[in-house]
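Just follow the structure's listing: the first ligand is 1, and inside any ligand the first atom is 1. These numbers come from the heavy atoms of this one structure, side chains and all, not from hydrogens, waters or symmetry mates.
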Amino acid sequence: MTQAEILMSQALKLAENGLLSSAPNPAIGCVIVKDGRVIGEGFTQPPGGNHAEIQALNAAVAHGHDVRGATVYVTLEPCSHFGRTPPCADALVRAGVAKVVAAMQDPNPLVAGQGLARLQAAGIETESGVLAEQARELNIGFFSRMQRGKPWVRLKVAASLDGKTALRNGQSQWITSQAARDDGHMWRARAGAILTGIGTVKEDDPQLTVRAIQLARQPLRVIVDSKLSISPDAKILSGGGTLIFTAIVDAEKQALLQDRGTEVVVLPNAQGKVDLPQVMLELGKRQINELHVEAGAKLNASLIREACVDELLVYLAPAILGDGRGMFELPALESLQDKFSLKFHQVMQVGEDLRILARF
Ligand code: AOF
Ligand code: ZN
């Protein structure tokens, strides 16, 4: 690794500290270096709080360092716009730093190169593209929303080695080990929203909240319920902050649910089901970067058939269940040419189980 890559890795590590709290803002890290020494570090604070660069500048000054002439390593181009906070590029110019190295450009159309341009115009040397791939991965949901207008959709399933998520009789607790379930909870926690179907709500009555990890805000809970048949007493509706997508208009039921703090959005497709691609765009409008899907085999299959899934997060236990429920309730294919092809992005062992990230 080059010196720049080592320092950018350090900035990426810092960025991870913001993964559970920065959304809808990306989690960014920043390291300020002078005379070969790190004099300031920072990462993105919750929305409305400081960006990574400001945190790092403040930290350097607080420790009595002079940032003039320093080099700044940051995992995203410094912003140039007034959002909830003023532009970081201006703060860096005022601070008199000599050089800014960014991992990549900000895809936000409000910035998109203008941050780097502003630094250059002020005579600051700039460089972009150091560990860009890692930087993109860390905020894959933010990039998805900025570039496609919809969240990065990660669908989680836990199954036996023979691909079964439950026995015929529905028993499924537990197929994977505690370590795998804790790991699954981490992915839930970093998502802006968690999506499930009415089948799962009726069968399991889940809360779909994050409890094991301390969070400043819970992910939005989203339910696909074509016939709006949810019971107003379902646990998932408690505490509000739930969004239902349905395909029918039922003013009375809608009013009842809305009284309980649940939002209902009617979004039918031509078949009278919920229009899933539109759901994704709607969630994008609501600034959801990462969508975590925990649903049954039916909704899982619909999401895959309608090209709404970007990545599968599969936990595989070293067990064989025999006849049971599958991951996806898809019709039989006529030809292998029609198969859904994915690429293994990452495979690792978590506790006793395998964790596979596979991308479409
Ligand atoms: C940076 N450093 O650490 C982050 C940036 O509403 P605001 O002011 O918080 O601005 C949000 C936008 O700023 C966000 O959409 C993205 O373009 C950029 N995020 N920029 O210079 C940071 N997190
Ligand atoms: Zn900024």
Side-chain angles (χ1 to χ4, degrees), residues 7-32 38 40-61 67 70-95 97 99-122 124 126-132 134-152 190 192 216-217 283-290:
L7 289 158
M8 193 60 83
S9 309
Q10 200 169 324
L12 283 165
K13 263 263 150 297
L14 281 164
E16 286 178 15
N17 291 309
L19 269 182
L20 301 184
S21 54
S22 69
N25 208 349
I28 304 304
C30 179
V31 172
I32 302 179
V38 171
E41 295 182 324
F43 60 90
T44 312
Q45 300 300 297
N50 284 338
H51 287 180
E53 301 90 318
I54 309 302
Q55 287 289 103
L57 284 171
N58 289 350
V61 171
V67 293
T71 299
V72 177
Y73 294 85
V74 59
T75 61
L76 188 75
E77 165 186 16
C79 65
S80 53
H81 70 300
F82 282 86
R84 282 160 288 223
T85 67
C88 291
D90 293 353
L92 292 167
V93 170
R94 275 197 308 273
V97 303
K99 182 171 177 182
V100 173
V101 182
M104 60 192 309
Q105 272 202 14
D106 188 344
N108 185 345
L110 295 172
V111 184
Q114 294 180 66
L116 291 172
R118 189 170 302 185
L119 296 169
Q120 285 157 13
I124 296 174
T126 68
E127 193 182 325
S128 178
V130 177
L131 299 189
Q134 285 96 314
R136 217 189 92 83
E137 277 294 330
L138 196 66
N139 288 294
I140 196 161
F142 175 74
F143 282 89
S144 169
R145 178 166 66 86
M146 285 296 153
Q147 290 168 337
R148 313 185 300 176
K150 57 184 184 176
W152 178 261
R190 61 176 273 173
R217 43 121 211 120
L283 293 175
K285 278 190 210 143
R286 289 163 192 251
Q287 299 200 302
I288 302 300
N289 292 337
E290 286 186 14

Just to confirm my output: which protein heavy-atom neighbour is closest to atom 2 (N) of ligand 1, and how far is it?
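Protein heavy atom with the smallest distance to atom 2 (N) of ligand 1: Glu53 OE1, 2.8 Å.
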
Where is the tightest heavy-atom contact between Val100 and Pro78, given as atom of each residue plus distance?
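Smallest interatomic distance, heavy atoms only, reads CG1-CG, 4.0 Å.
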
Gly29 to Ala15 - nearest heavy-atom pair and separation
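Taking every non-hydrogen atom into account, N-CB, 3.3 Å.
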
Side chain, backbone, both or neither: which part of Thr85 comes within less than 4.0 Å of ligand 1 when only heavy atoms are counted?
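Near ligand 1, Thr85 shows its backbone as well as its side chain.
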
Given that the side chain starts at C-beta and the backbone is N, CA, C, O, which of these parts of Phe142 lies under 4.0 Å from ligand 1, counting heavy atoms, or is it both or neither?
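The answer is the side chain of Phe142.
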
Please enumerate all residues that pass side chain to side chain donor-acceptor pair (under 3.5 Å) together with Gln10, with sequence neighbours excluded.
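So Gln10 forms a side chain to side chain donor-acceptor pair (under 3.5 Å) with Glu41.
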
Checking the N or O distance criterion of under 3.5 Å, is ligand 1 in contact with [X]?
X      : result
Pro26  : yes
Val111 : no
Ala52  : yes

Contacts of Arg217 that satisfy salt bridge (charged side-chain N to carboxylate O under 4.0 Å, His left out) - sequence neighbours left out:
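Per chain and number, Arg217 pairs via salt bridge (charged side-chain N to carboxylate O under 4.0 Å, His left out) with no residue.
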
Tell me every residue that passes salt bridge (charged side-chain N to carboxylate O under 4.0 Å, His left out) with Lys99, counting only those two or more places apart in sequence or in another chain.
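Once residues adjacent in sequence are excluded, the partners of Lys99 under the salt bridge (charged side-chain N to carboxylate O under 4.0 Å, His left out) criterion are Glu125, Glu127.
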
Total protein N/O/S atoms whose distance from the Zn ion (ligand 2) is less than 2.8 Å:
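Count of protein N, O, S atoms less than 2.8 Å from the Zn ion (ligand 2): 3.
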
